[in-house]
Amino acid sequence: MALNILIGGAAGQGIDTTAAILEQLLKHAGYYVYATRDFMSRVRGGHNFILIRFGPDRITSHSDRIDCLVALNEESVQLHASQLADKGFILCDSSIPTDDSRAIHIEMTNTAKDLGNPRVFGSVAIGALLRLLSLDLVHIAETLKRHVPSSALDLNITAAEQGYDMVAPRLSEPAGDYRHYLTVSGNQALALGALASDVRFYAAYPMSPSTGIMEFLAEHGKDCDIVVEQAEDEIAAINMALGASFTGVRAMTGTSGGGFCLMVEALGLSGIAEIPLVVCDVQRPGPGTGLPTRTEQSDLRFVISAAQGEFPRMVIALRDQQDAYEQTIRAFRLAERYRIPVIILSDQYLADTTSTVEPFMLTKSAAEREANDNQDLADTTPKTSAFDNGYRNYQLTEDGITPRVYPGHPNYFAAADSDEHDELGHITESPEVRHQMMNKRMRKLDKLKTELQEPRLIGSPKCKTLLLGWGSLMGPLEEAIALLEKDHPGQVSALVFGDIFPLPVGQLQALAPQAKRLVHVEQNATGQLASLIRESTGISCHSGILKYDGRQLSGEEIVSRLKGEIIHE
Amino acid sequence: MALNILIGGAAGQGIDTTAAILEQLLKHAGYYVYATRDFMSRVRGGHNFILIRFGPDRITSHSDRIDCLVALNEESVQLHASQLADKGFILCDSSIPTDDSRAIHIEMTNTAKDLGNPRVFGSVAIGALLRLLSLDLVHIAETLKRHVPSSALDLNITAAEQGYDMVAPRLSEPAGDYRHYLTVSGNQALALGALASDVRFYAAYPMSPSTGIMEFLAEHGKDCDIVVEQAEDEIAAINMALGASFTGVRAMTGTSGGGFCLMVEALGLSGIAEIPLVVCDVQRPGPGTGLPTRTEQSDLRFVISAAQGEFPRMVIALRDQQDAYEQTIRAFRLAERYRIPVIILSDQYLADTTSTVEPFMLTKSAAEREANDNQDLADTTPKTSAFDNGYRNYQLTEDGITPRVYPGHPNYFAAADSDEHDELGHITESPEVRHQMMNKRMRKLDKLKTELQEPRLIGSPKCKTLLLGWGSLMGPLEEAIALLEKDHPGQVSALVFGDIFPLPVGQLQALAPQAKRLVHVEQNATGQLASLIRESTGISCHSGILKYDGRQLSGEEIVSRLKGEIIHE
Amino acid sequence: MSEKSSDKSTTNNDISTATFETFETAWCPGCGDHIILTCLKRALTELGKNPHDVLIVAGIGQAAKTPQYISANAFCGLHGRALPAAVAAKIANEDLTVVVNSGDGDSYGEGGNHFIHNIRRNVDIAHFVHDNQIYGLTKGQASPTSQTGHVTGVQVNGNINIPLNPMLLALAMGAGFVARGFTGDPEQLVALMKQAILFKGYALLDILQPCVSFNKINTFTDYKSRVTPLPDNYDRSDLNLALKTAQIFDDKIPTGILYSVEKPTYHAQQAALADGKSLVKRPFKLSAVKNVMEKLV
Amino acid sequence: MSEKSSDKSTTNNDISTATFETFETAWCPGCGDHIILTCLKRALTELGKNPHDVLIVAGIGQAAKTPQYISANAFCGLHGRALPAAVAAKIANEDLTVVVNSGDGDSYGEGGNHFIHNIRRNVDIAHFVHDNQIYGLTKGQASPTSQTGHVTGVQVNGNINIPLNPMLLALAMGAGFVARGFTGDPEQLVALMKQAILFKGYALLDILQPCVSFNKINTFTDYKSRVTPLPDNYDRSDLNLALKTAQIFDDKIPTGILYSVEKPTYHAQQAALADGKSLVKRPFKLSAVKNVMEKLV
Ligand SMILES: Cc1ncc(C[n+]2csc(CCOP(=O)(O)OP(=O)(O)O)c2C)c(N)n1
Ligand SMILES: Cc1ncc(C[n+]2csc(CCOP(=O)(O)OP(=O)(O)O)c2C)c(N)n1
Ligand code: SF4
Ligand code: SF4
Ligand SMILES: [Mg+2]
Ligand SMILES: [Mg+2]
């Protein structure tokens, strides 16, 4: 079981800090904590909220049913009181007018004022909430220390203590053993994966919801030897990443869909010049500026076919924080191994959701170079001139992969060329060479396909209904399958794709024939995964659960829509 | 039957002018003329050639077998002599060393020098060629007048006359009745379609092979009331086109794949802000800079899914010069009717190929506005404020189409917004409004689908082998089917798509089941039409004829590959 | 302020600032953008502009929300891309009064290429840059005008780029009207806006606009102490003086019109626009198109 | 010329211009690009550069083919995008000598935003712009530097944009090294190239380069008659003098170094590069990454 706290208020009221402190306190109390953010695209005012679910076991989805509503303003009560579970309560300042019987009014604002700093009212709420949840104040000092300026630490502790004394315990939830786990968002996990991969250069232009990656890397730039460069635009960002990668460092760029548009041409440059590149697209609802701070999975078809012409690429959709870390490491590896662009597809839901995660495996191996990426090439062919000295940047090889050298090599020259070129990298107009070069590049996909990861199967392979999803819907689908197990044991399973282009089709082709119903579940309007599956395998889904209002499907919502729209059919 | 002339030489030798003069002379002699260009991406040197086929009947493809090789340098002889048909000849300057018995050496260079202007040597060749083809010099003066400066006219005429006297007739070909037809390239036909549509604003950044459109429009800008603006980059070009379109003029931009990359974000702006837009992508081989002056059909999947998020769009592939004219007019109509971006896909082959075409239908109707595009909206709902005065830029309608007003309207305001918005165009974060707006926009596709044009069927519907192609391969496919009729009457047909997204599937679904073999024929490496068909219909092709070396398949090449790779299987 | 200005309205068009209405904004309380919006309405009112002939164009950002909050034609385009849309709208319909309101990041960062090249076009529009020396909407990264050493979430060790000087840059590109305003001096700001709109050609008005949420260095007080209006006898037609004045941005920041000299506009030089009638209002010329086609026979 | 210069080689590295080899070019006979290529090889030779430590970066265009024709590391990127790739390469490996060779359209047109913002970064690279005042490779449309009135296939009634003045623009953006050369004076050009490469920070060298095929106005003879080298006593450290000098582009065109003052470079200021060792040569810091992760517990 799990409890669910909603902290609601206006932008600028500090709900983000309040939530961060609470998440940490709960984890220190041993809970598994899963917190999702619903923010407007504004800096002050409006209505924002954070949902914090916690309990003794793993949690993989948010839920709209809440147990504690912490309302920092009146609007939060009005908007969310109806979501309260039976035994739920509303914690709010005494100034907030509500006759809801579940309301617990405390003096947040006045206490803070009396303490001499109106901004500590959040700590009053935290203290009170801990008591209401039957928890203690043991970790309050060390936790607050990480979130408030040291000059205000004592005051905040006092505020929490006073809040604690204002109420009596109401709910209690058994704890787990997650004290030593990480609290990490999708963006942070991705950035950590990049650090573990020895990324040395990250260029980007600020864009929600991807900016967190840049900020996290910048914070640790000096210590970890990465240059984080804010580019003048996204075109510069990706061309910078390519320029850096060309010299031999691992390089990356990140953005959201609108910025990705501006990177498209250089994606093709990565393809034809065979310069390894990792690009992250943290999706948000489009088209255009769309809904900047919300979530969607609608860039799949776009990133799969972005850029003129044809070249090998790989697209990996991140499914959770663990995946974000591991797949980022894999992205660097594969980009380097195949000298191709690898696109990491994340989304706002995953990027901004913090979850309790087992500390990541961190070894030197993620930073090690691929075999084709070395500076000690044997001088196999005779040197015919300074330029053609036996090493060929685009040598035609059986698997299409050519070893790389970097500028500064004592014997060879590194060359990159966006025009069609011969093995040396010189412009060519020869139809034969063009044909060979296209084949060489596309051939890399043959080998790449052999190391694709099949989608994760949740539930029994012998299900009646097989849900097909991708990316950040894995968590909600996992919860949905667990919920369905109760009423329909073994009937509904889910297949969730991480590697998504090229699409690994083995598992799908094995399971699809025996399932009665194939239902794709996606955060978009056109069913992009379904169309990709049809294109790749000829398999058609029978129906779909689509959501494209900028809010993520929860496990519960998937279940109810499945029952409402699909199963009754 | 038809004869085939190849004029070969280095860049800068003026083969383009020589060919243009010849094409006109041949048409004036009554022939149908079809001329394709094979140019390198350089200004001087290298090797370029033009193929001019002419005869009494319609011609729809180039051919590699030539009857007359006009070699302006030695390389042209070496490269092309092997393509000569039995009775063919080589016309070249006496200075060119070749012991080919088919060579006719004449004094081009020396004659020109003697005449006092080395640059008139092309006219010597033209004169000689006319005689060799058993033609007269009746139209020489009027034709040369259009291509050479008036100061050099007499000299050129003399040169042609002297050339004429140097040789004797060799070949002769019956003429047709095409004297009063147009000689028009794909780029020109497209530009003419835009002019006929009352385009008022064209912004672009130079990029081969699309620049011809801009240059043609610029030439006639003053007379036809169009502003042609060379933008600082392609991003500016498309955003300018949108700004102009927003004010109520018809506006367009054009580019090739690399430039299209930079337009992708604004394509989404057109989608969400519902501003009509016509964008032309004249394809060339990618990825990256690729082969700038050559041909390919490899941007299809790209333009279909370009830009983050989801919005309705239409993609029309141009199949020949006639199509270029008519479909451009249709593109403007549909863009306006649905307030969507319409992408016209052309390619270098079509863009640079000049053909004899019946004069285009030119009436006022192409310039007329769509019904939803008017300034006289009834004031149906009550005015609640200056902003909400009854007119709603994004009113939710049954078919998704909202009438448009332009800035300057005395009662209403025009609004465009790239953020998700309500009916008035104001930013919203409401999940309900977002959902409705997405549905409203996507709903336009339902109506659009009812007016799609089915692909053109060449040959019998009851064929054994059905070739599937699109765009500029129509002409070569037409010739291929005609050639196959001789050996395999009624066995092979072709279905050639013009409207390609959304894909009209009726004809295909009717014909596919009874054909034994479906073979897609495309100028790309991955079979983009085939994958789109599979995605849209579940129908898979049995095999494909693909070419991606920058050179277009000819009718003859399609036949030989079909026989070699497919039919023998 | 909007109440007062309506009295001042000097037109007989029955237009008041109220005509341009007030909408609820999403800006932070205390943000300089509020003042700019008010001044914009006043300037348009005092110039007697009919809102229906006014088009406000913006990119994306906090500043770029301006068109959302005024009763006029509105074009909220893409981040960085306000200028191309604005100049094209003016090219197509010269009867519109076209004003661009956008941020420093939007105008000089993502939109830098359009900024320099549209100065070269000299289309008759006014460009008001809400210059808060920060990226506001994305929560406080350095903008091109951020000062050296400014610490942010991305520039964790302080901004190391040479700050972009919009005045100097515009002058170097040949802009005919180059001015700076400050939200702390609304009277001057309204006057500058009016002159920028009246100027025939591209007019740049960079407005110092405190961002109370993310720029804790360049605050209202900071600007107030540095801002120095140019003296009355300042010679606006002297390019070398302007180039010198533009270099000043330290304990003194000159405000006012640094340079103002009219040059031939785009409309005056573009052959297709020679007859002076708005493109959008011209009838279709079938015969001209026929002529074009006939040349291809 | 390349024969002569090898004699001049002042290094003990056994490097001659021949080391940088000669390839067959695709340029027109008589094109200024040939001279620039020769001068580039001479400059690198005379500086004793080992070709393996030299990286030539370009966008797309005629000028941008330069890296194809020299024995050195080569990056031929996208049209307009040479600078971002070049500065990032230098950031990642400061042991490289990074030179950008590209066209006026590439550098100031499509690449305009990178031009202005990379001046602000002040990364230690040399930027050689082959300025033929035209788009050569695409067959003769106006470039940002094309002169007013220039008639082309697109500018059929003559160019109406204010020509971009690269010298003035670079100065306005704060460039530390701003110079102009001419292919008609190869001795001066080699000297300028060497100084630009030696300059610590971003160095702009705009080179007047006649395009014999598409610019029939700004010919060799035209330039020759206008070009005026700056006098020996010209003060390169005076910004206001430079701003004045930069405005001259009429019957006189000043060549030489208009401005040269070193400012802190990117490498000197970027905290992550503080220890002075090339990024690409540093070992992986596992423990630092461990620390980062542990902070999230
Ligand atoms: C292509 C693209 N890149 C990035 C963004 C994200 N973005 C939105 S506003 C903004 C910066 C805003 O700064 P500024 O223009 O100075 O306006 P302010 O918010 O400070 O008024 C950015 C980077 C975007 N919307 N589109
Ligand atoms: C995105 C993109 N747009 C347009 C082009 C076409 N293009 C190639 S080179 C060029 C202009 C070249 O002019 P310049 O940089 O002055 O070089 P030059 O040829 O004169 O040396 C253009 C427009 C392109 N390759 N990519
Ligand atoms: S974040 Fe800054 S610029 Fe944006 S509204 Fe708030 S104060 Fe104004
Ligand atoms: S077109 Fe001009 S720039 Fe290009 S190679 Fe020829 S002369 Fe040089
Ligand atoms: Mg700003
Ligand atoms: Mg040039």
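So that the names make sense, note that chain A is the first sequence line, chain B the second, and so on, each numbered from 1. We use all heavy atoms of the structure for the numbers below, so side chains are in, but hydrogens, waters and symmetry mates are not.
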If I measure from the heavy atoms of chain A, does [X] come under 4.5 Å with its side chain, its backbone, both, or neither?
X	value
B/Met40	both
B/Arg284	neither
B/Ile235	side chain
B/Tyr548	both

Most chain A-contacting option - heavy-atom pairs closer than 4.5 Å, from [options]:
options	answer
B/Ser418, B/Gly259, B/Ser536	B/Ser418
B/Met442, B/Arg294, B/Gln297	B/Arg294
B/Asn524, B/Leu262, B/Leu269	B/Asn524

Holding to side-chain hydrogen bond (donor to acceptor under 3.5 Å, both in side chains), I want the full list of residues that pass it with B/Arg443, two or more places apart in sequence or in another chain. none
A/Arg301: side-chain hydrogen bond (donor to acceptor under 3.5 Å, both in side chains) partners, not counting sequence neighbours: A/Ser531, A/Glu535
Heavy-atom pair of closest approach, residues B/Gly309 and A/Asp299: N-OD1, 3.2 Å
Can you tell me how far apart OG (B/Ser41) and CD1 (A/Ile427) are? Round to the nearest 0.5 Å. 7.0 Å
Option that, when pairs with chain B are counted at under 4.5 Å, heavy atom only, ranks first among [options]:
options	value
A/Ala266, A/Gly271, A/Ser270, A/Cys261	A/Cys261
A/Gly268, A/Gly538, A/Ser305	A/Ser305
A/Gly550, A/Gly288, A/Pro431	A/Pro431
A/Ala273, A/Gly290, A/Gly286, A/Ser540	A/Gly290
A/Pro287, A/Ala525, A/Gly257, A/Ser298	A/Pro287

Okay, side chain of A/Asp419, backbone of B/Leu291: is any donor-acceptor separation there less than 3.5 Å? no
As a quick check of understanding, evaluate side chain to side chain donor-acceptor pair (under 3.5 Å) for A/Gln528 and B/Glu310, giving each step before the final call. CA-CA 10 Å; A/Gln528 301 196 17; B/Glu310 296 161 305; 3.1 Å; yes
Using side-chain contact (heavy atoms from CB on, under 4.5 Å) as the criterion, point out the one residue from B/Glu420, B/Gln308, B/Arg434 that pairs with A/Pro285. B/Arg434
For A/Thr526, is it the side chain, the backbone, both or neither that has a heavy atom under 4.5 Å from a heavy atom of chain B? both
Considering only heavy atoms, which portion of A/Thr293 lies under 4.5 Å from any heavy atom of chain B: side chain, backbone, both, or neither? side chain
Checking B/Val264 against A/Phe302 for the side chain to side chain contact (heavy atoms under 4.5 Å, CB included) test, could you report, in this order, the C-alpha distance in whole Å, the side-chain angles of both residues, the deciding distance, and whether it holds? CA-CA 10 Å; B/Val264 166; A/Phe302 172 35; 3.8 Å; yes
Less than 4.5 Å apart, any side-chain heavy atom of A/Asp549 and any of B/Ser430? no
Pair B/Glu429 + A/Arg551: basic N to acidic O under 4.0 Å: no
